[in-house]
Amino acid sequence: MDALYQNIKLVDVYDAINSSREDFDFYISELPETPATVLDIGCGTGTFALDLAGRGYEVTAVDPAPQMIVSAMQKDTGRSVNWVTGLVSDLPDAPEFNAAIMTGHAFQCLLEDSQISLLFDAIKRRLHRGGSFWFETRNPAVRPWLRWTPEHTAPPHNLGGGRTVQVVHQVLSVNDDSVTFEERYDFNDDSETLISRSTLRFIALAEIEALAIKNGLLLADTFGNWKREPMSSDSPEIIVRLTKAT
């Protein structure tokens, strides 16, 4: 598992580095009215799950990284979310969710068809009839990894108290639809530099749809960005809604 999800220092700065809410706001607008049950897949440090719980949703949040779940539970002082360390397939095998959502491009961590099929089958078994599974993946057609270079490094992220961290990306290899890269975390308060290595899959929409159908799900909606514009060859995102086939 990537250091980004295990190293305590990196987990502690995760929220500051990933502060954008475009995906959260989009998915919240697509949810059924409360009361409803929502599954947050790859919940990370729990920001989205806690937001949903605060809006009145009954939330289960799952993540395979124990340190992420520990961080999320520390925030949840009101014990408003059911936190689970593991995969969707580890949850009770019964339809209990009105919606399932996978944010933060977490879907791209599934590198093999078998991993995607396992997720899709688990979702199908746990969604209520009429429920939706939402997720997004970066559009491979625009090759966003070409900008994952030191020359395109963003300004440092403010951590408060005069502390900052700058994240520098470097692509190591591109093999078929998988991109392996390093993220270097440079903190201004000491000499320590941390490195996390990751591999992400850039899967095409046609492949997603084929795997969905194979596992009893149907492609219901797609969008190319968080403004709900239609998919095109130069769309930055592939935003997907799947529903149960029967």
Side-chain angles (χ1 to χ4, degrees), residues 1-8 10-15 18 21 23-24 27-28 30-32 34-112 114-137 196 198 200-201 211-212 215-217 240-244:
M1 188 176 291
D2 305 347
L4 173 62
Y5 310 121
Q6 299 183 88
N7 185 287
I8 294 175
L10 294 183
V11 170
D12 286 345
V13 302
Y14 182 89
D15 290 343
N18 298 277
R21 282 194 55 97
D23 53 348
F24 290 1
Y27 291 132
I28 288 170
E30 296 291 342
L31 287 175
T34 57
T37 52
V38 180
L39 175 61
D40 181 7
I41 305 167
C43 65
T45 58
T47 301
F48 186 50
L50 290 168
D51 187 323
L52 295 177
R55 295 169 185 268
Y57 291 100
E58 182 180 337
V59 183
T60 294
V62 59
D63 198 292
Q67 193 59 46
M68 287 291 195
I69 293 294
V70 168
S71 177
M73 293 179 68
Q74 289 173 345
K75 296 180 187 177
D76 189 11
T77 56
R79 298 184 179 180
S80 59
V81 174
N82 176 31
W83 304 103
V84 178
T85 302
L87 305 175
V88 177
S89 54
D90 295 322
L91 299 175
D93 191 2
E96 54 180 291
F97 298 106
N98 300 112
I101 304 173
M102 197 173 195
T103 66
H105 301 106
F107 184 79
Q108 292 188 250
C109 295
L110 305 176
L111 304 181
E112 304 292 337
S114 59
Q115 293 175 300
I116 296 175
S117 289
L118 178 66
L119 172 64
F120 284 175
D121 180 68
I123 290 292
K124 178 193 67 177
R125 294 173 180 274
R126 290 160 179 82
L127 271 185
H128 282 305
R129 188 176 302 277
S132 296
F133 173 35
W134 286 95
F135 63 93
E136 81 286 333
T137 180
S196 180
S198 304
L200 298 178
R201 184 177 182 184
L211 287 168
N215 290 281
L217 297 173
V240 175
R241 180 171 75 93
L242 300 179
T243 58
K244 294 175 72 167

Report the C-alpha distance between Thr37 and Thr60 in whole Å, list the side-chain angles of each, state the deciding distance to 0.1 Å, and finish with yes or no for side-chain contact (heavy atoms from CB on, under 4.5 Å). CA-CA 8 Å; Thr37 52; Thr60 294; over 6 Å; no

Could you go through the side-chain contact (heavy atoms from CB on, under 4.5 Å) check for Arg126 and Leu39 one step at a time? CA-CA 9 Å; Arg126 290 160 179 82; Leu39 175 61; 5.5 Å; no

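For the pair His105/Leu200, no side-chain contact is recorded, criterion being any heavy-atom separation below 4.5 Å from C-beta on. Taking the side chain as every heavy atom from C-beta outward, Ser132 and Leu242 never approach each other to under 4.5 Å. Counting only heavy atoms from C-beta outward, the side chains of Phe48 and Ile28 approach each other to under 4.5 Å. Put simply, the side chain of Val59 does not reach to within 4.5 Å of the side chain of Ser80, judged on heavy atoms. Leu31 has its side chain within reach of Ile101: a pair of non-hydrogen atoms, C-beta onward, lies under 4.5 Å apart.
By the salt bridge (Lys or Arg N to Asp or Glu O under 4.0 Å) test, Asp15 pairs with Lys75, sequence neighbours left out. Evaluation of the ring-ring contact (aromatic ring centres under 6.0 Å, His included) rule for Phe135 yields Phe107, Phe133 as partners, not counting sequence neighbours.
Considering CG of Asn215 and CZ of Arg125, their distance stands at 9.5 Å, rounded to 0.5 Å. Once rounded to the nearest 0.5 Å, the distance linking CG of Leu50 with CE of Met73 reads 11.0 Å. Atom CG of Leu91 and atom CD1 of Ile123 lie 8.5 Å apart (nearest 0.5 Å). If you take OG1 on Thr103 and CG on Asp40, they are separated by 5.5 Å, rounding to the nearest 0.5 Å.
Looking at Glu58, its side chain never comes within 3.5 Å of a backbone N or O of Ala36 through a donor-acceptor pair. Not one N or O on the side chain of Lys124 forms a donor-acceptor pair closer than 3.5 Å with the backbone of Lys244. Judged by distance alone, the side chain of Asp63 and the main-chain N or O of Cys43 form a donor-acceptor pair under 3.5 Å. Side-chain atoms of Tyr57 do not come within 3.5 Å of backbone N or O of Asp51 as any donor-acceptor pair.
Across every non-hydrogen atom of Glu136 and Met102, the tightest pair is OE1-O, 3.4 Å. Taking all atoms of both residues into account, the shortest heavy-atom contact from Ala49 to Trp83 is CB-CH2, 3.8 Å. The heavy-atom pair separating Thr77 from Gln74 by the smallest distance is CG2-O, 4.1 Å. Considering all non-hydrogen atoms of both residues, Ile116 and Leu110 come closest at CG1-CB, 3.8 Å. Annotation for Ala53 and Val81: closest pair CB-CG2, 3.8 Å, computed over non-hydrogen atoms. Nearest heavy-atom pair, Phe24 versus Thr47, reported as atom, atom and distance to 0.1 Å: CE2-CG2, 3.9 Å.
Sorted by first and then second residue, the side-chain hydrogen bond (donor to acceptor under 3.5 Å, both in side chains) pairs involving residues 86-96 (not counting sequence neighbours) form an empty list.
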